[in-house]
Amino acid sequence: MIKDIQHYPDMANPQLRPRYAGIASFFRTPAVETLANLDIGLVGIPFDGGVTHRSGARHGPRAVREQTTLIRRYNPASQVAPFELARVADLGDAWLEQPYELTAALDEIQRFFDQVHAAGVLPLSVGGDHSVSLPILRALAKAGPVGMVHIDAHCDTGDDYLGSRFHHGAPFRRAVEEGLLDPRRVIQIGIRGSLNHPAMWQFSTDSGMRVVSMEEFTDKGWRWVAQEARRVVGSGPAYLSFDVDGLDPVFAPGTGTPESGGISMIEAQRLIRELGGIDFVGADLVEVSPPFDPSGLTAQSAATLLFEILCVLALAVEQRRAERR
Ligand code: MN
Ligand code: MN
């Protein structure tokens, strides 16, 4: 450290320095390129080659990193202090050497997460478009299919589109076909809008997924939906995938396929908090598109949700540590 700290020795910890200072890593955690001595790795995936409509999500990780610098170390609502429960660092980006070769790009992303998973580190990723969840699941579900809490306006269980099997509307159909997801332990929350073609919705329900439409969400409320998620996912390993377009565009206008009539921020925050105790093996937050986010509001909403997700991942780390004792 070149800066000579004279008055406040606590500021040796970058998280305790003024929040406008320093390099904008996720939550001002140490930026590292090694997996040693780590429980949770924050990862950016600057890739939007799977987008079918408005692009720009490749710029998501940098914008969300910037907004996470506002967030401190304690969650007063859930009383979780994630950085005390788990060793957390920013692993940088799963950047791509071949961003214009879709299947090669997905393979590259998988190889990054293969290493993270092999080191016993839980990945918490920021996209990128939703196609990136497939290679992450390929890395995390090697020992067998996992469950999933999926919050999104869209089922993302579509089939081929314009000749490609891989795009941001299809990752979870491919994941079921590849045996990465146990559809009976998958819940999709917030589904709405005309992009959800009946055949897509049909694949989700026919495969055994629990689909909670936005209508059901508003009728029964976030607390009931959280209980339903815990019931569906059960006690086995599970993944959490949050597409920022699951939020109402009032809170997240900067995304590729916004759908009006969505989840509010406070509903999303309380829903995620109620998922504490699920055995999460990783999570992602995707589809933040800064070019459509001039005010930065979407990135700020995403950063806020990322902290809530980090808290439930830290609880999963702590739970696994307690079971080993
Ligand atoms: Mn979506
Ligand atoms: Mn999606």
Mind checking side chain to side chain donor-acceptor pair (under 3.5 Å) for Ser204 and listing every partner two or more places apart, or none if nothing turns up?
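Side chain to side chain donor-acceptor pair (under 3.5 Å) list for Ser204, sorted by chain: Thr157, Gln188.
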Side chain to side chain donor-acceptor pair (under 3.5 Å) partners for Thr52, two or more places apart:
His168
Could you please spell out the steps behind the side chain to side chain contact (heavy atoms under 4.5 Å, CB included) verdict for Leu134 and Phe166?
CA-CA 9 Å; Leu134 178 65; Phe166 305 103; 3.6 Å; yes
Provide the full list of salt bridge (charged side-chain N to carboxylate O under 4.0 Å, His left out) pairs with a residue in residues 295-320, sequence neighbours left out, each pair given once.
Arg273-Glu308, Asp279-Arg320, Glu318-Arg321
Restricting to ring-ring contact (aromatic ring centres under 6.0 Å, His included), what partner residues turn up for His167, sequence neighbours left out?
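Checked His167 against ring-ring contact (aromatic ring centres under 6.0 Å, His included); matches are Tyr161.
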Worked check of side chain to side chain contact (heavy atoms under 4.5 Å, CB included) between Arg270 and Glu274:
CA-CA 6 Å; Arg270 301 188 81 178; Glu274 287 294 309; 5.7 Å; no
Measuring only between side-chain heavy atoms, which start at C-beta, is [X] closer than 4.5 Å to [Y]?
{"X": "Ser125", "Y": "Val132", "value": "no"}
{"X": "Phe83", "Y": "Thr29", "value": "yes"}
{"X": "Val88", "Y": "Leu310", "value": "yes"}
{"X": "Ile45", "Y": "Ile109", "value": "yes"}
{"X": "Phe242", "Y": "Asp284", "value": "no"}
{"X": "Val80", "Y": "Leu85", "value": "yes"}
{"X": "Ile187", "Y": "Glu228", "value": "yes"}
{"X": "Leu180", "Y": "Val146", "value": "no"}

With no hydrogens and no angle check, is any side-chain donor or acceptor of [X] less than 3.5 Å from a backbone partner on [Y]?
{"X": "Arg184", "Y": "Gly208", "value": "no"}
{"X": "Asp245", "Y": "Ala153", "value": "yes"}
{"X": "Asp182", "Y": "Gly147", "value": "no"}
{"X": "Ser241", "Y": "His150", "value": "no"}
{"X": "Asp293", "Y": "Ala299", "value": "yes"}
{"X": "Asn75", "Y": "Ser78", "value": "yes"}

Who are the side chain to side chain contact (heavy atoms under 4.5 Å, CB included) partners of Ala104, not counting sequence neighbours?
Gln98, Glu101
Quick one: do Glu267 and Ser264 satisfy side-chain hydrogen bond (donor to acceptor under 3.5 Å, both in side chains)? Show the steps, please.
CA-CA 5 Å; Glu267 287 170 332; Ser264 76; 3.3 Å; yes
same_hphob_cluster([X], [Y]) at 4.5 Å side-chain heavy-atom cutoff:
{"X": "Leu240", "Y": "Leu124", "result": "yes"}
{"X": "Ile151", "Y": "Leu247", "result": "yes"}
{"X": "Leu137", "Y": "Ile278", "result": "no"}

Less than 4.0 angstrom from a charged side-chain N to a carboxylate O is my criterion; do [X] and [Y] meet it?
{"X": "Glu215", "Y": "Lys220", "value": "no"}
{"X": "Arg28", "Y": "Asp90", "value": "no"}
{"X": "Arg192", "Y": "Asp152", "value": "no"}

How many angstroms lie between atom [atom1] of [X] and atom [atom2] of [Y], to the nearest 0.5 angstrom?
{"X": "Leu315", "Y": "Gln319", "atom1": "CG", "atom2": "CD", "answer": "8.0 Å"}
{"X": "His117", "Y": "Leu35", "atom1": "NE2", "atom2": "CG", "answer": "12.5 Å"}
{"X": "Leu306", "Y": "Ile272", "atom1": "CG", "atom2": "CD1", "answer": "9.0 Å"}
{"X": "Leu271", "Y": "Phe217", "atom1": "CG", "atom2": "CZ", "answer": "5.5 Å"}
{"X": "Asp93", "Y": "Leu42", "atom1": "CG", "atom2": "CG", "answer": "11.5 Å"}
{"X": "Met148", "Y": "Arg185", "atom1": "CE", "atom2": "CZ", "answer": "11.5 Å"}

Which of these passes salt bridge (charged side-chain N to carboxylate O under 4.0 Å, His left out) with Arg173: Asp156, Asp206, Asp159?
Asp159
So, is the end of the Arg58 side chain (NZ or CZ) under 6.0 Å from the ring centre of Phe47 and within 45° of the ring's axis?
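So Arg58 doesn't make the cation-pi contact.
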Distance under 6.0 Å and angle within 45° of the ring axis: does Arg54 meet both against Phe292?
yes
Between [X] and [Y], what is the shortest heavy-atom contact and its length?
{"X": "Val233", "Y": "Val149", "result": "CG2-CG2, 3.6 Å"}
{"X": "Gly56", "Y": "Pro291", "result": "O-CD, 3.7 Å"}
{"X": "Ile5", "Y": "Ala12", "result": "CD1-N, 3.5 Å"}
{"X": "Ile71", "Y": "Ala303", "result": "CD1-O, 3.3 Å"}
{"X": "Leu38", "Y": "Val121", "result": "O-CG2, 3.6 Å"}
{"X": "Pro123", "Y": "Val116", "result": "CB-CG1, 4.1 Å"}

Step through the shown structure and confirm whether more than 12 heavy atoms of other residues, nucleotides or ligands are within 6.0 Å of CZ on Arg73.
yes
Answer yes or no: are there more than 12 heavy-atom neighbours, outside Asn37 itself, under 6.0 Å from its atom CG?
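No.
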Please assess Ser55 against Asp48 for the test side-chain hydrogen bond (donor to acceptor under 3.5 Å, both in side chains), listing each intermediate value before the final yes or no.
CA-CA 6 Å; Ser55 60; Asp48 56 19; 4.8 Å; no
Decide yes or no on side-chain hydrogen bond (donor to acceptor under 3.5 Å, both in side chains) for His154 and Glu259, but give the supporting numbers first.
CA-CA 9 Å; His154 313 103; Glu259 298 281 0; 2.9 Å; yes
Under 4.5 Å between side-chain heavy atoms, chaining through other members, with only Ile, Leu, Val, Met, Phe, Trp and Tyr counted: pull out the rest of the cluster around Trp201, sorted by chain and number.
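ILVMFWY cluster around Trp201 also holds Ile191, Val211.
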Worked verdict on Thr255 versus Val288 for side chain to side chain contact (heavy atoms under 4.5 Å, CB included)
CA-CA 5 Å; Thr255 191; Val288 175; over 6 Å; no
Run Leu91 and Val32 through side chain to side chain contact (heavy atoms under 4.5 Å, CB included) and show every step you take.
CA-CA 5 Å; Leu91 296 176; Val32 302; 3.7 Å; yes
Step by step, would you call Gln110 with Arg138 a side-chain hydrogen bond (donor to acceptor under 3.5 Å, both in side chains)?
CA-CA 7 Å; Gln110 183 193 338; Arg138 282 174 178 160; 4.6 Å; no
